[in-house]
Amino acid sequence: MSPSSVFFLLILGSMVDTKTSSEKGSLLYPYGPHQGDETNPKHDDGTSEEISLSVPFTFYGKPYKTAFVNNNGVISFDGPVRQYTPDPFPLVDGHPFVAPYWADVDNVVGGDIFYRQTTDPVLLGDISKDITQYFPKNPFTATWALVATWDHVAYYGSSSSEKGNTFQAVLTTDSKMFYIIFNYWDIQWTTGTASDGDAETGLGGTPAHAGFNSGDETNFYNIPGSQTDAIINITTTSNVKVPGRWVFRVDNFEAIGVDPPQLNNGCWL
Ligand SMILES: *[C@@H]1O[C@H](CO)[C@@H](O)[C@H](O)[C@H]1NC(C)=O
């Protein structure tokens with residue numbers, strides 16, 4: 001075969017590859033500086049700058065125009081979050097909160113937190129296809145997304161930087177429906193040492209919390225296992241039959257596929 005026909009077949013091969021990123025083996029949508037991501041500064045308990053959302057994001061009925069991507073595994077709307085030990089939801093201080101994995105990250109010890117707003121048609125196509133598959137009653141065509149990724153982040157007080165957590169939160173909308181996707185790719189620790197975790201293992205104490213806090217003291221959702229040792233296994237759980245992926249419609253909060261239903265105190269059967 002001539003070199004030019006090999007080249008042609010390579011091009012053809014990449015053209016017919018219609019799989020989304022998750023079907024290619026990674027749950028995570030593309031991220032990192034080469035995707036145009038911003039990187040959070042290296043500060044324990046640090047945050048991004050205030051991000052002006054190019055499309056206001058509706059969460060539990062209220063539109064928000066700015067957001068912060070906080071190192072400690074939280075996206076917040078009305079101010080930065082530096083708290084490192086998670087509190088149970090609903091939070092008494094009334095902050096609306098998206099918590100893919102709220103725990104004591106220290107990006108000085110290891111790892112990075114990335115984010116970008118995107119209108120990239122290929123990525124929005126993948127996100128739309130995934131959400132329409134999970135919520136088939138309402139076909140969804142994303143027009144915007146915020147992709148935040150915690151890449152191999154270490155815990156505060158870690159005696160080595162070898163244990164890292166990698167997870168992602170995606171906020172997306174077509175301007176009518178608002179969805180959040182959590183992707184858990186690799187979770188190796190649950191707790192920093194200031195939350196009574198073990199320096200060697202990153203386990204014990206008050207483990208990480210995953211879920212949503214509306215800010216109104218009655219509406220919230222805890223992903224099963226939150227603040228228990230079992231949260232280490234969130235890479236194996238799902239409400240959409242994709243291990244490690246949890247997806248929610250959040251404009252008027254709707255959790256699908258949650259069986260059995262959760263109790264409000266976060267206990268589950
Ligand atoms: C995590 O899952 C494994 C495999 O199912 C299980 O053996 C282990 O007990 C689980 N860990 C916790 C803390 O629940």
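Whatever order the structure lists ligands and atoms in, that order sets their numbers, starting from 1.
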Peer 1: Would you mind listing each N/O atom of ligand 1 next to any protein N/O under 3.5 Å, plus the distance?
Peer 2:
from: ligand 1; atom 1: 2 (O); to: Asn233; atom 2: OD1; distance (Å): 3.2
from: ligand 1; atom 1: 2 (O); to: Asn233; atom 2: ND2; distance (Å): 2.3
from: ligand 1; atom 1: 11 (N); to: Asn233; atom 2: ND2; distance (Å): 3.0

Peer 1: For the OH atom on Tyr84, are there more than 12 heavy atoms of other groups (residues, nucleotides or ligands in this structure) within a distance under 6.0 Å?
Peer 2: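 Not more than 12 within 6.0 Å, no.
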Peer 1: Are the side chain of Glu38 and the backbone N or O of Glu49 linked by a donor-acceptor pair below 3.5 Å?
Peer 2: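 Answer holds: no.
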Peer 1: Can you list, pair by pair, the side-chain donor-acceptor contacts under 3.5 Å of residues 53-70, counting residues two or more places apart and other chains?
Peer 2:
from: Ser54; atom 1: OG; to: Gln117; atom 2: OE1; distance (Å): 3.2
from: Ser54; atom 1: OG; to: Trp144; atom 2: NE1; distance (Å): 3.2
from: Thr66; atom 1: OG1; to: Glu50; atom 2: OE2; distance (Å): 2.9
from: Asn70; atom 1: OD1; to: Val81; atom 2: N; distance (Å): 2.8
from: Asn70; atom 1: ND2; to: Phe68; atom 2: O; distance (Å): 3.4
from: Asn70; atom 1: ND2; to: Val74; atom 2: O; distance (Å): 3.1
from: Asn70; atom 1: ND2; to: Ser76; atom 2: OG; distance (Å): 2.9

Peer 1: Once side-chain hydrogen bond (donor to acceptor under 3.5 Å, both in side chains) is applied, what residue pairs with a partner in residues 165-176 remain, sequence neighbours excluded?
Peer 2: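 Checked against side-chain hydrogen bond (donor to acceptor under 3.5 Å, both in side chains) - neighbours excluded - the pairs reaching residues 165-176 are Thr149-Gln168, Gln168-Asn183.
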Peer 1: Using the test salt bridge (charged side-chain N to carboxylate O under 4.0 Å, His left out), find all partners of Asp151 that sit at least two apart in sequence or belong to another chain.
Peer 2: none
Peer 1: For Asn71, which of Val108, Asp112, Asn107, Thr47 qualifies under side-chain contact (heavy atoms from CB on, under 4.5 Å)?
Peer 2: Asn107
